[in-house]
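Down below is the structure, laid out as structure tokens.
Heavy-atom basis, side chains included; hydrogens, waters and symmetry copies ignored. Just so you know, these numbers come straight off a predicted model, no measurement behind them. Read the numbers this way: they start at 1 and go in the same order the structure lists the ligands and their atoms.
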Amino acid sequence: MNRIDRLLAEMTLEEKIGQLSMLAAGFSVTGPVLGGDTTGDVRTGRAGSLLNVYGPEATRRIQRVAVEESRLAIPLLLGFDAVHGHRTVFPLPIGEAAAFDPDLWEETARASAAQAAADGVKLTFAPMIDIARDPRWGRIAESPGEDPLLASLFGEAKIRGFQGEDLHEAGSVAATAKHFVAYGAANAGRDYASTDLSERTLRETYLPPFVAAVDAGVAAVMPAFSDLAGVPLTADERLIGGWLRGEAGFEGVVISDYNAVAELVVHGVAADPAEAAALALRAGVDIDMMSHCYRDGLPEALDRGLVSLPEIERSVRRVLALKERLGLFETPHAADRPQPGTPSPDALRELAREAAVRSIVLLEHRGDVLPLDARPQRIAMVGPLADARAEMLGCWSGAGDSASAVSFFEGLALARPDCDIRLSPGVGIRDGDESGIAAALDLCAGSDVVLLCLGESRDMSGEAASRSDLDLPGIQRRFAEAVLALGKPMIVLLSAGRPLCVPWLAERADALLMTWFLGHEAGNAVADILTGRRSPTGRLPVSWPRTVGQVPLFYAERPTGRPASAEHYTSKYIDGPTAPLYPFGHGLTYGRFRLGAVVAEPADAREGDMLTVTIELTNEGPLAGEETVFLFVRKPVSRVSRARLEMKGFGKLALASGETGRLTLVLPVEALRFLDAALRPAIEHGAYELLVGPSADRARLVSYWIEVGAA
Ligand code: NOJ
């Protein structure tokens with residue numbers, strides 16, 4: 001008999017349900033209920049997993065209770081949110097997505113996994129692969145942005161990094177793809193709100209990242225808190241049982257979100273905890289995170305015939321199988337495993353700096369204010385984010401200690417000791433205190449260049465942090481207008497977990513850099529860009545609205561029969577532009593790139609062929625730079641109207657000043673497949689337009705037509 005059969009034969013019902021119950025211990029990172037002392041539950045086998053406990057001592061203590069004091073000695077599964085780093089914090093996911101660099105995404109996940117595992121954690125609730133097209137939704141900060149291909153590549157890379165070759169490895173943790181599915185389509189951008197979308201949009205936009213995650217071997221999936229067309233995902237048998245486990249072939253563990261099973265009662269689909277537990281279990285949710293519904297409701301559900309014992313045991317098997325895959329039965333104390341290949345603290349800081357550099361997006365650059373003049377000068381650093389270590393880590397900062405973060409002021413002071421750099425915040429992030437404004441304006445007036453550091457506080461994005469206004473909070477706008485009015489060379493650093501609607505600022509700054517929340521090395525990374533040690537390379541993973549009234553906003557819209565024009569009866573606003581402030585993919589570099597002609601081969605393609613798309617690039621600027629080039633496709637005529645642009649790939653090319661080079665992108669004709677009118681995947685034959693260029697701005701794309709026919 002194998003271990004799982006033997007254990008199941010020995011387990012009481014209470015112990016079986018215990019394996020399906022995850023309790024919170026130690027920290028109140030999230031959720032309405034806080035776990036008390038869970039030791040008793042672990043000892044009696046009533047808790048099979050815990051979240052929010054980390055650190056070698058704490059995890060050893062609780063794991064020892066499980067393996068030495070509980071009747072069946074089953075090790076605990078210990079989970080933690082390493083959303084963008086663990087002890088070392090990397091940029092927010094929306095920022096790291098801007099790097100458009102799967103190797104980097106994988107490397108930072110690998111480093112986070114090693115750190116989490118050294119802290120006794122073997123499961124992380126990441127990657128978050130929700131498509132986010134509405135910056136009112138605070139969780140856009142945790143997401144890789146608006147595009148399904150980008151989210152798929154991001155998720156795959158993170159899963160490879162977290163899980164490594166084998167979950168047994170010392171530096172590997174089980175990854176959780178979340179939140180299944182369409183959580184980001186919340187009504188009006190309000191977190192946890194209801195969602196409703198077509199089967200086509202679900203399958204074309206929201207499900208692909210989960211297909212990619214399952215194909216990458218993700219160990220766990222977490223259903224979203226929200227409902228989709230009336231069915232809360234936690235109880236969605238069609239999507240979890242049917243689509244995820246059936247169609248997509250997922251064989252891992254489904255873990256509810258925090259308290260989500262109990263919330264089925266509040267959603268109005270279950271009358272009591274027993275019904276809620278039965279709905280979730282039957283849908284395929286194996287672990288109840290922190291709602292106690294499985295523990296308190298499943299025995300009654302069993303008595304009432306709402307669930308069967310084999311259904312409970314099916315989930316227990318999956319949980320035990322994951323514990324086996326993680327090697328927990330052999331080595332329950334993850335922190336005890338030899339940790340070869342764990343990066344040194346210095347290497348981790350270097351990686352955090354690299355990730356931060358690559359996440360920064362240069363949104364505007366007029367004149368030559370950047371890089372900063374090499375000669376010594378007087379630099380005024382003003383604004384509430386100028387010297388704000390504690391803010392730099394952003395939301396979900398894991399086990400990161402903000403005291404060791406580097407602020408913008410600290411980073412620049414270190415990089416440019418020859419300059420006279422002075423600090424005066426002027427105003428707070430959210431308050432209305434005007435008392436510091438005069439001093440800040442004085443400082444700016446006496447300086448050669450001003451660095452204006454504006455934005456949100458770290459807790460204004462992330463979970464339960466939706467906003468209805470996307471301008472700068474507090475009195476920052478008033479302050480910024482006063483600083484701008486001085487007419488000094490002005491570099492603006494914008495910190496936020498989402499795009500902010502600040503066209504008034506974009507129009508007047510000499511340079512505008514989006515710095516998201518960059519993590520521990522924020523200040524050093526920003527200094528690298530400001531001093532010209534590095535050229536900016538980040539590109540927007542989301543369309544950036546001009547005003548909140550434009551959202552939801554995304555580049556892959558389907559055409560309308562009445563495209564916006566000067567005519568009255570067309571699809572537009574009567575009080576402002578329809579175009580975003582910045583398109584998806586936008587980002588400037590210190591180079592100045594000219595795109596030459598595009599050639600795709602074979603131009604007469606057949607199903608099964610591989611397309612090679614080549615574009616020539618020249619850096620006409622005085623400085624070196626790295627250009628990111630996107631490949632979009634468009635099918636102008638098909639039975640089901642297709643989006644105006646769909647991203648199919650991207651690539652990067654670094655060129656010195658004056659240099660010309662070629663970038664080649666490879667695309668299987670297979671990738672042109674889409675859902676036909678009956679939602680069956682098919683390749684429609686005929687003409688396709690390939691569009692290549694630096695962003696989703698149609699006017700800047702170079703086009704090439706191909707014909708696709710039968711094999
Ligand atoms: C709630 C969040 O929605 C989820 O993303 C997170 O993993 C859990 N809490 C656990 O912290």
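Atoms of ligand 1 lying under 4.0 Å from at least one heavy atom of Glu463, given by number and element, are 1 (C), 2 (C), 3 (O). Less than 4.0 angstrom separates some heavy atom of Asp257 from each of these atoms of ligand 1: 1 (C), 2 (C), 3 (O), 4 (C), 6 (C), 8 (C), 9 (N). Atom numbering of ligand 1 starts at 1 in the shown order; those under 4.0 Å from a heavy atom of His179 are 3 (O), 4 (C), 5 (O). Listed by number with element, the atoms of ligand 1 under 4.0 Å from a non-hydrogen atom of Lys178 are 4 (C), 5 (O), 6 (C), 7 (O). Numbered from 1 in the order shown, with element, the atoms of ligand 1 that lie under 4.0 Å from a heavy atom of Leu51 read 10 (C), 11 (O).
Heavy-atom separations between Trp396 and ligand 1 include at least one value shorter than 4.0 Å.
Between Glu391 and Arg458, no side-chain nitrogen of the basic residue sits less than 4.0 Å from a carboxylate oxygen of the acidic one, so the salt-bridge criterion is not met. Here Glu247 does not pair with Arg238 in a salt bridge; the nearest charged N to carboxylate O distance is not below 4.0 Å. With respect to Glu354 and Arg358, a salt bridge is recorded, a charged nitrogen being found less than 4.0 Å from a carboxylate O. Look at Glu313 and Lys16 and you find a salt bridge, because one of the NZ, NE, NH1 or NH2 atoms lies within 4.0 Å of a carboxylate O, short of that distance.
Sorted by first and then second residue, the pairs that involve residues 120-135 and meet salt bridge (Lys or Arg N to Asp or Glu O under 4.0 Å), not counting sequence neighbours, are Asp134-Arg136.
The two atoms that bring Ser112 and His86 nearest to each other are O-CB, 3.8 Å, heavy atoms only.
Residue contacts with ligand 1, taken as heavy atom pairs separated by less than 4.0 Å, do not involve Met290 at all. Residue contacts with ligand 1 for Met222 involve side-chain atoms from C-beta outward but no N, CA, C or O (heavy atoms, distance under 4.0 Å).
Legend: residues meeting side chain to side chain donor-acceptor pair (under 3.5 Å) with Glu15, ordered by chain and number and at least two apart, are Thr12, Arg71.
Ligand 1 has an N or O atom lying under 3.5 Å from an N or O atom of Asp81, backbone or side chain. Remark: ligand 1 and Glu142 share no N or O pair separated by less than 3.5 Å (distance only, no angle test).
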